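What follows is one structure encoded as structure tokens, with my remarks underneath.
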There are 2 protein chains.
Amino acid sequence: MQENEDQLVRKLTALWHSATGTVTGPGDDCAVWKSVPAGAVVVAKVDAVVEQVHFLITDAAAQVGHKALGRVLSDFAAMGAVPQHALVTVGFPFGSRAGGSSRWLKDCYRGMAKLAKQFEVGLAGGELTASDQIWINVALYGYGKKKQLTLRSGGKSGDALFVTGKLGGSFPKRHLSFSPRLKEGQWLSQFGVNAMMDISDGLGQDLPRLAAASHTSFALQPEQLPRHRGCSVAQAVNDGEDYELLLAVAPRQCDDLIRQWPFNSPLTRIGELLPNNLNPVTHGVECSGWDHLKK
Amino acid sequence: MQENEDQLVRKLTALWHSATGTVTGPGDDCAVWKSVPAGAVVVAKVDAVVEQVHFLITDAAAQVGHKALGRVLSDFAAMGAVPQHALVTVGFPFGSRAGGSSRWLKDCYRGMAKLAKQFEVGLAGGELTASDQIWINVALYGYGKKKQLTLRSGGKSGDALFVTGKLGGSFPKRHLSFSPRLKEGQWLSQFGVNAMMDISDGLGQDLPRLAAASHTSFALQPEQLPRHRGCSVAQAVNDGEDYELLLAVAPRQCDDLIRQWPFNSPLTRIGELLPNNLNPVTHGVECSGWDHLKK
């Protein structure tokens with residue numbers, strides 16, 4: 001028997017838990033939750049994954065869900081913020097792919113729910129809508145201490161540039177199963193780095209963005225780039241969808257940063273920020289990155 | 001010259017203003033804003049409009065933007081909440097409709113921005129992504145007093161049912177230009193109605209939802225329904241996309257409600273909530289409503 005909208009929504013939302021502080025979860029016109037801790041500011045982010053652009057229908061639905069939530073968790077990581085409540089909107093071709101709809105969506109929600117549980121994120125609400133193409137939009141809300149949140153714009157000329165993890169070769173599989181660097185980002189923010197962002201579009205596009213936001217130029221040491229096995233420097237710079245963190249730290253803090261870094265994933269120095277009036281130094285590496293608007 | 005993603009995002013976000021309390025607006029990994037007023041709880045909602053489902057490409061882009069934001073404002077109205085910050089995600093076929101992309105998006109953002117200004121909502125951030133079909137997802141964040149927010153579930157057997165405005169005939173045009181009943185909803189919430197929701201899927205679908213959430217049944221007086229000119233009772237019940245408010249109020253408050261109602265739009269009594277063990281009384285009117293999952 002074909003489920004109606006309300007029945008399907010109830011089955012999907014039952015796959016998640018609500019976060020601490022939830023007053024009214026899925027099922028009413030809006031979601032309601034308690035305010036952030038005293039002294040904290042609100043941190044929020046939306047992002048979407050779209051079939052054919054960010055995933056293929058042949059990819060496992062649970063991994064697509066993992067990616068949809070993982071991408072916004074990665075943005076929270078980049079600020080050192082704490083996520084709490086997610087609102088999920090899904091566009092799905094209900095009419096034309098009848099039968100498989102419900103199963104695909106449940107697997108997708110299960111993939112999101114598993115990652116949500118790991119990082120203590122709750123489902124506060126969402127919507128389903130008909131669409132020719134599948135897409136999943138996640139709005140994530142949380143908090144941080146205003147003075148501690150790390151922006152892209154805090155970098156200074158002379159700062160050392162580091163990246164977490166390894167870069168390149170995220171397709172065809174790793175872009176669906178990456179682990180957002182949330183704990184690493186929170187630690188780095190507390191340590192006191194000057195600027196941070198996540199590498200979603202590729203270092204070649206995201207490093208110029210961080211430098212521009214910080215009113216600086218940059219030097220990249222391509223041979224220093226931590227690369228996944230079998231990846232070229234060009235891949236490490238331009239493949240995109242790495243979801244590692246790029247950060248700028250004052251030179252005097254570099255030794256402490258390296259010594260105190262408590263995580264298993266590597267933290268690698270890859271360059272530095274330069275005065276704004278200098279041209280970027282990339283030693284011949286083209287920084288093209290990934291433009292979401294090109295398919 | 002073709003704009004790249006960053007350039008287009010900057011032009012679009014420049015069409016909006018940030019709301020009071022914004023700490024970090026569009027341009028960083030996440031948006032940051034100050035917490036809700038002391039003693040208030042957070043209210044949040046996401047919803048999307050999709051080409052061919054909620055609008056046509058031949059509709060004016062500014063009206064599509066109006067509808068995208070108007071729908072979530074209508075959900076805020078239904079709780080009596082105060083909206084503050086919007087995060088907007090847009091899927092757009094950039095590759096295949098080159099040239100017109102930028103203009104359509106700017107008009108759409110202008111339509112949203114005009115409505116946002118009217119209700120003092122700011123743009124906190126957003127994303128653009130490639131997609132075969134156009135869709136616009138709005139995540140809206142705000143606040144309310146916990147004891148004052150009106151849920152669907154607060155109705156009691158014996159409560160009188162009212163609707164704001166007139167119903168039916170929202171297609172082909174009114175669904176794109178409706179005025180969300182935000183002020184009315186806030187007033188009703190403060191007045192102290194027991195339950196409220198917005199009529200987005202049609203009274204025939206939304207009334208049973210409100211009754212079910214309130215663990216009641218209902219009686220509808222079809223001849224009492226306030227109808228738009230030329231609309232039949234069946235249209236008033238089932239067309240959907242009215243974005244009027246449906247509310248349940250204690251019988252002893254009805255006279256005060258009617259006497260004190262300060263708005264030009266009508267407020268009409270249309271039935272009552274019944275004990276849960278009774279069958280709904282609809283005097284022969286079929287309550288089918290609109291299922292988002294059917295196109």
Side-chain angles (χ1 to χ4, degrees), chain A residues 4-6 8 23-24 27-36 40-48 50 52-54 75-76 78-79 81 85 87-89 91 94-95 124-133 135 137 139 141 144 146 149 151-153 197-198 209 213 291-295, chain B residues 4-6 8 23-24 27-36 40-48 50 52-54 75-76 78-79 81 85 87-89 91 94-95 124-133 135 137 139 141 144 146 149 151-153 197-198 209 213 291-295:
Chain A
N4 71 21
E5 182 180 354
D6 289 352
L8 181 55
V23 177
T24 303
D28 218 300
D29 291 273
C30 300
V32 183
W33 60 75
K34 287 182 187 162
S35 180
V36 298
V41 288
V42 177
V43 178
K45 173 69 187 182
V46 287
D47 206 358
V50 179
Q52 298 292 343
V53 180
H54 304 94
D75 284 308
F76 268 64
M79 282 207 163
H85 302 280
L87 296 164
V88 177
T89 326
F94 290 95
E127 287 287 341
L128 298 180
T129 180
S131 171
D132 290 345
Q133 209 172 3
W135 52 265
N137 188 90
Y141 295 93
K146 186 177 169 185
L149 290 171
L151 304 183
R152 298 180 183 184
S153 53
M197 72 182 293
D198 75 323
R209 283 179 175 150
D291 191 330
H292 280 110
L293 308 191
K294 294 176 195 154
K295 280 180 66 173
Chain B
N4 71 21
E5 182 180 355
D6 289 351
L8 181 55
V23 177
T24 302
D28 218 300
D29 289 274
C30 300
V32 183
W33 57 73
K34 288 181 186 164
S35 181
V36 298
V41 289
V42 176
V43 178
K45 172 71 185 182
V46 286
D47 206 359
V50 179
Q52 298 290 344
V53 181
H54 303 93
D75 284 309
F76 267 64
M79 283 208 161
H85 302 279
L87 297 164
V88 177
T89 327
F94 289 94
E127 286 288 341
L128 298 179
T129 179
S131 170
D132 290 344
Q133 211 172 3
W135 53 265
N137 188 90
Y141 174 100
K146 184 177 170 186
L149 290 172
L151 305 183
R152 297 181 182 183
S153 54
M197 73 182 292
D198 75 323
R209 282 177 175 152
D291 191 329
H292 280 111
L293 310 191
K294 295 175 193 153
K295 281 179 64 175

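If you're wondering where the values come from, they're calculated on a predicted model, not measured in any experiment. Order of the sequence lines fixes the chain letters, A, B, ..., with proteins taken first and strands second; residue numbering starts at 1 for each chain.
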- Can you tell which of A:Leu149, A:Val23, A:Val41, A:Val46 has the highest number of heavy-atom pairs within less than 4.5 Å of chain B? A:Val46
- Is a side-chain N or O of A:Asp75 found less than 3.5 angstrom from the main chain of B:Cys30, in a donor-acceptor match? no
- Item | Nearest non-hydrogen partners of B:Ala130 and A:Val53, listed with the distance | O-CG2, 3.5 Å
- Approximate separation, where rounding is to 0.5 Å, of B:His54 NE2 and A:Thr129 OG1: 4.0 Å
- Message: Let's test your reading of the structure: which of A:Val88, A:Val32, A:Val42 forms the most heavy-atom pairs below 4.5 Å with chain B?
- Response: A:Val42
- Can you name the closest pair of heavy atoms from B:Thr89 and A:Ala48 and give their distance? CG2-CB, 4.0 Å
- In terms of heavy-atom proximity below 4.5 Å to chain B, should A:Ala213 be classed as side chain, backbone, both, or neither? neither
- Closest non-hydrogen atom pair between B:Ser131 and A:Gln133, with its separation: OG-OE1, 3.3 Å
- Task: Under 4.5 Å heavy-atom distance to chain A, tell me which part of B:Ala31 shows up: side chain, backbone, both or neither.
- Result: both
- Closest approach of A:Ser35 to B:Ala40 (non-hydrogen atoms, all atoms of both residues): CB-O, 4.0 Å
- Task: Just do the side-chain contact (heavy atoms from CB on, under 4.5 Å) check on B:Trp135 and A:Asn137 with the steps written out, would you?
- Result: CA-CA 11 Å; B:Trp135 53 265; A:Asn137 188 90; 4.3 Å; yes
- Query: What distance separates B:Leu151 CG from A:Thr24 OG1, expressed to the nearest 0.5 Å?
  - Reply: 4.5 Å
- Note on the structure: Applying a strict 4.5 Å limit to non-hydrogen atoms, the region of A:Asp28 in contact with chain B is both
- Show the numbers, then the answer: is there a side-chain contact (heavy atoms from CB on, under 4.5 Å) between A:Tyr141 and B:Leu87? CA-CA 11 Å; A:Tyr141 295 93; B:Leu87 297 164; 4.3 Å; yes
- Query: Hey, is A:Lys45 close enough to B:Asp29 for a salt bridge, meaning N to O under 4.0 Å?
  - Reply: no
- Note on the structure: Most contact-rich option vs chain B, by heavy-atom pairs under 4.5 angstrom, among A:Lys34, A:Lys146, A:His85, A:Met79, is A:Met79
- Task: Give, as side chain, backbone, both or neither, the part of A:Val43 having an atom under 4.5 angstrom from any heavy atom of chain B.
- Result: both
- Item | Side chain / backbone / both / neither for B:Ala124 at chain A, heavy atoms under 4.5 Å | neither
- Task: State the CD-CG distance between A:Gln52 and B:Asp132, to the nearest 0.5 angstrom.
- Result: 7.0 Å
- Message: What part of B:Met197 gets within 4.5 angstrom of chain A, counting heavy atoms only: side chain, backbone, both, or neither?
- Response: both
